[in-house]
Protein chains: 2
Amino acid sequence: MKITMKDIAKEAGVSVTTVSHVINGTKRISEETYTKIMSLVEKYSYVPNTMAQNLRQQNSNMAALVVSSFPDSYITSIVKAVGERARDRGYHLLFINTNENQKDEQEAVTLLTSRMIDGLILSPTTRDANYLQPLIERKFPIVLVNRYDPKLIELPWVTADDFQAGYDGTYHLIGHGHRNIGIIYNFPEVTTTTDRLEGYKEALKQSGIPFREEYLVQGYGSIEGAALATEKLLTAHKEITAIFVLSDRMTIGTISALKNMSKKWPNDIALIGYGDFEASTIIDPPITNVSLPPDTVGKTAFDALLNRIQNPNYNKHIQLPTSLVIRKSCGCN
Amino acid sequence: MKITMKDIAKEAGVSVTTVSHVINGTKRISEETYTKIMSLVEKYSYVPNTMAQNLRQQNSNMAALVVSSFPDSYITSIVKAVGERARDRGYHLLFINTNENQKDEQEAVTLLTSRMIDGLILSPTTRDANYLQPLIERKFPIVLVNRYDPKLIELPWVTADDFQAGYDGTYHLIGHGHRNIGIIYNFPEVTTTTDRLEGYKEALKQSGIPFREEYLVQGYGSIEGAALATEKLLTAHKEITAIFVLSDRMTIGTISALKNMSKKWPNDIALIGYGDFEASTIIDPPITNVSLPPDTVGKTAFDALLNRIQNPNYNKHIQLPTSLVIRKSCGCN
DNA sequence: TTGTACGCGTTATCAC
DNA sequence: GTGATAACGCGTACAA
């Protein structure tokens, strides 16, 4: 049985208006009716219908986060950070995972943006995000996180400085004397891949090392994919002495492949990962990572969304600086 | 600018009723008006207001998952599995994380259950879940997952057979000759702890080993907490030769502590974890786990919720059997 | 201090 | 085939 204000009002012998005022504290009400109503609210544990409230008030105090590359531990941390920030700011956060599936993503976004939420943080899937155009025109508040789409310049975004990340990791490996450096990436069309690859190329170029397309292998963001990719890479190119792996889960896959092939890191193959999965430190030798605290990403992203909600013209493109967390897998000690 | 059916209707020179029928295909409409309306829908990329629809139809085809121990990798996998199952069943799934914070959890549940969703899957926090009583009385569909609350017998739940899990892990260690077995648990009041401890005690008892309260240490579900707990445990009780760690993240902490103390596993300390974090296999030596595929948990939980939605009297208490994934940290090889 | 009346955007019923 | 009209549950200007 669904209790509504009408029911409360009837039983209390007052109008719905009065009930509404009591519940929202929006006007002075006599002590007597106040307690009468509150006791009924208690008795039936009445809770206002959120849908009706939102419909009436034209906002919901809810934001949403739609992410496609879940559950990567790095993304998971971002999800957590965004959630906490949202709570601190008085928002409820809904989270939807779309498994790199363009269709699911579109459905989720459509559902959420049909007046259900006040704003959206989106980590888009690999393919084109043109379906966002109508939302952009409608000025629906959206912020891209982690990945961005250069075609959607009208949207603010918060990402890592992936160019720098690619450059730093590569540069560090070159510093250890490596000249044949393999890359395991997840998907070719996302900026977390393309930008880091640009950085990789730049670092090579500055050191006079020729770029070789064959050193780039797709790991599909999964453990198995990366393991396969690593094996393929090392079998085909025995001259490779270092690998830069662009995500946490893939790093696990690469390590697993190295173990299978009885290769030691960093001596046989030097290793740098991207991200910061919790097991990094207890793997032996521990893994050096290019990293950006997911906390920072999440908080910044939510704040950007708030800005966009309050000001439809807010359109900053934020690239947060990454840093190298040096452990041992790169050859340092 | 928010476009509504009224706007479309006005510009098309028809009534809202007609627009509604066109959009929902709920009646025959003349070719002419049909195309006229559809082109306007296209032009303004009109999308119906979900809130209004839900308000009117009294259901939403949305379910929610509220979880408190995020981001544990095991929970993360459950989250993913529930999401996939929901999608397969034609539901949208909202996810909210509450960080073991009772107040946040209650707020989230209240928000969601105030007519926004059709059903809820909940992994409750440690403290009492009495605030659920009103929802239970109202027959709001709720299923508990991972953890349950023995006082809430009226709710269905889907968990691991935690007693068996505790028994199996302990029994296996005893089989390797260990008699002084430490336990790192996350929180004392949850069934994932209490039930496993019961299993632990039973295994000890059957082997004639006295139970010692001092061997139980709280790790707070975190890496740091478990590291501290492990150090404390091993310093205070040098006779301990094996540790059973009850969650993925804490296993990482325990390993980190062992490394700090220069203890080797399984030789100095045998190790069994609970869960199945992805790095288990690449840690050296790899970690033996008591485990239950999170996929199974997630899918079962969502199906249970569907049952509960369709039949308010559905009230199965499902305990899924766990299994021992033997690697090397326990002493096997 | 309390109540009346209307509207938020939709869908369902029933007429024409 | 199309259109009034009411209703979903709530908030609020306005009146009493």
Side-chain angles (χ1 to χ4, degrees), chain A residues 1-38 40-41 44-62 110-118 138 140, chain B residues 1-38 40-41 44-62 110-118 138 140:
Chain A
M1 174 54 184
K2 318 235 176 190
I3 299 292
T4 72
M5 283 182 70
K6 206 194 286 181
D7 302 322
I8 304 276
K10 187 190 281 178
E11 184 156 344
V14 298
S15 75
V16 278
T17 311
T18 309
V19 178
S20 175
H21 281 139
V22 165
I23 285 172
N24 298 309
T26 151
K27 262 196 181 168
R28 298 201 77 83
I29 301 287
S30 74
E31 186 73 5
E32 187 189 5
T33 47
Y34 177 88
T35 49
K36 195 193 326 177
I37 289 173
M38 282 316 262
L40 285 173
V41 167
Y44 295 114
S45 56
Y46 164 78
V47 178
N49 180 322
T50 314
M51 296 287 184
Q53 282 182 316
N54 295 344
L55 180 59
R56 175 64 233 228
Q57 314 192 133
Q58 299 290 67
N59 80 346
S60 63
N61 263 316
M62 295 192 299
T110 304
L111 169 74
L112 292 166
T113 56
S114 54
R115 313 308 190 291
M116 204 160 73
I117 56 171
D118 298 342
R138 193 194 303 168
F140 189 92
Chain B
M1 175 54 187
K2 319 235 176 190
I3 298 293
T4 71
M5 284 183 75
K6 205 194 285 182
D7 302 321
I8 304 275
K10 188 191 280 180
E11 184 156 343
V14 298
S15 75
V16 280
T17 312
T18 308
V19 178
S20 176
H21 280 140
V22 166
I23 286 171
N24 298 308
T26 151
K27 264 198 179 166
R28 298 202 78 82
I29 300 288
S30 76
E31 187 71 40
E32 188 188 5
T33 48
Y34 178 88
T35 50
K36 197 193 326 177
I37 289 173
M38 281 317 260
L40 286 173
V41 167
Y44 294 113
S45 58
Y46 164 78
V47 179
N49 181 322
T50 315
M51 298 286 184
Q53 283 181 318
N54 294 344
L55 179 58
R56 178 63 231 227
Q57 314 192 130
Q58 299 290 65
N59 79 347
S60 63
N61 262 316
M62 295 192 299
T110 304
L111 169 74
L112 291 167
T113 55
S114 54
R115 315 307 190 293
M116 204 159 74
I117 55 171
D118 298 343
R138 193 193 302 166
F140 190 93

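Lettering follows sequence order; numbering is per chain, from 1. Worth saying up front: this structure is predicted, and the values here are computed from it rather than measured.
Rounded to a whole Å, the CG atom of B/Leu55 is 14 Å from the C1' atom of C/dA12. Counting to the nearest Å, the P atom of C/dG7 and the CZ atom of A/Arg115 are 20 Å from each other. Atom NZ of A/Lys6 and atom P of C/dG3 are 16 Å apart (whole Å). Per the geometry, CD1 belonging to B/Ile8 stands 9 Å off P belonging to C/dT10, to the nearest Å. Note: CG (B/Asn54) to C1' (C/dC8) measures 14 Å, nearest angstrom. Rounded to an integer number of Å, the gap from CE of B/Met51 to C1' of C/dT11 is 17 Å. Taking atom NZ of A/Lys2 as the reference point, atom P of D/dG9 lies 9 Å away to the nearest angstrom.
Remark: B/Lys6 engages B/Thr4, B/Val16 in a side-chain contact (heavy atoms from CB on, under 4.5 Å) (not counting sequence neighbours). For A/Glu11, the side-chain contact (heavy atoms from CB on, under 4.5 Å) test picks out A/Leu40, A/Lys43, A/Tyr44, with sequence neighbours left out.
A donor-acceptor contact closer than 3.5 angstrom is absent between the side chains of B/Thr17 and B/Ser20.
Contact annotation for B/Ile29: backbone-only contact, meaning every heavy-atom pair under 4.0 Å involves sugar-phosphate atoms and none involves a base. Among the heavy atoms of the strands lying under 4.0 Å from A/Thr4 are primed sugar atoms or P, OP1, OP2 only; no base atom is included.
Taking the side chain as every heavy atom from C-beta outward, B/Tyr46 and B/Asp7 never approach each other to under 4.5 Å. Proximity of A/Ser45 to B/Arg138: side-chain heavy atoms (C-beta onward) are separated by under 4.5 Å at one or more points. Residues A/Thr50 and A/Met62 are not in side-chain contact: their nearest non-hydrogen atoms beyond the backbone lie 4.5 Å or more apart. With a 4.5 Å cut-off on side-chain heavy atoms, B/Thr113 and A/Val47 do not count as touching. Inter-residue side-chain proximity for A/Ile29 and A/Thr18 is flagged as met; some heavy-atom pair is nearer than 4.5 Å.
Within the 3.5 Å criterion, the main-chain N or O of A/Lys2 finds no donor-acceptor partner in the side chain of B/Arg115. Side-chain atoms of A/Lys36 come within 3.5 Å of backbone atoms of A/Ala12 as a donor-acceptor pair (strictly under, hydrogens ignored).
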- Starting at the 5' end of nucleotides 11-16 of chain D, put B wherever the base has a protein heavy atom under 4.0 Å, S where only the sugar-phosphate does, and a dash everywhere else. BBBB--

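For residues 45-57 of chain B, no pair satisfies salt bridge (Lys or Arg N to Asp or Glu O under 4.0 Å), with sequence neighbours left out.
Annotation: the terminal axes of the helix from C/dT1-D/dA16 to C/dC16-D/dG1 meet at 40°, where each axis is the rotation carrying the C1' atoms of four end pairs onto the next four (5 pairs per end, rounded to 10°).
Contacts with DNA chain D (heavy atom under 4.0 Å) in residues 30-37 of chain A: none are found.
Phosphate proximity of C/dG9 to A/Gln58: present, with a side-chain N or O under 4.0 Å from OP1 or OP2.
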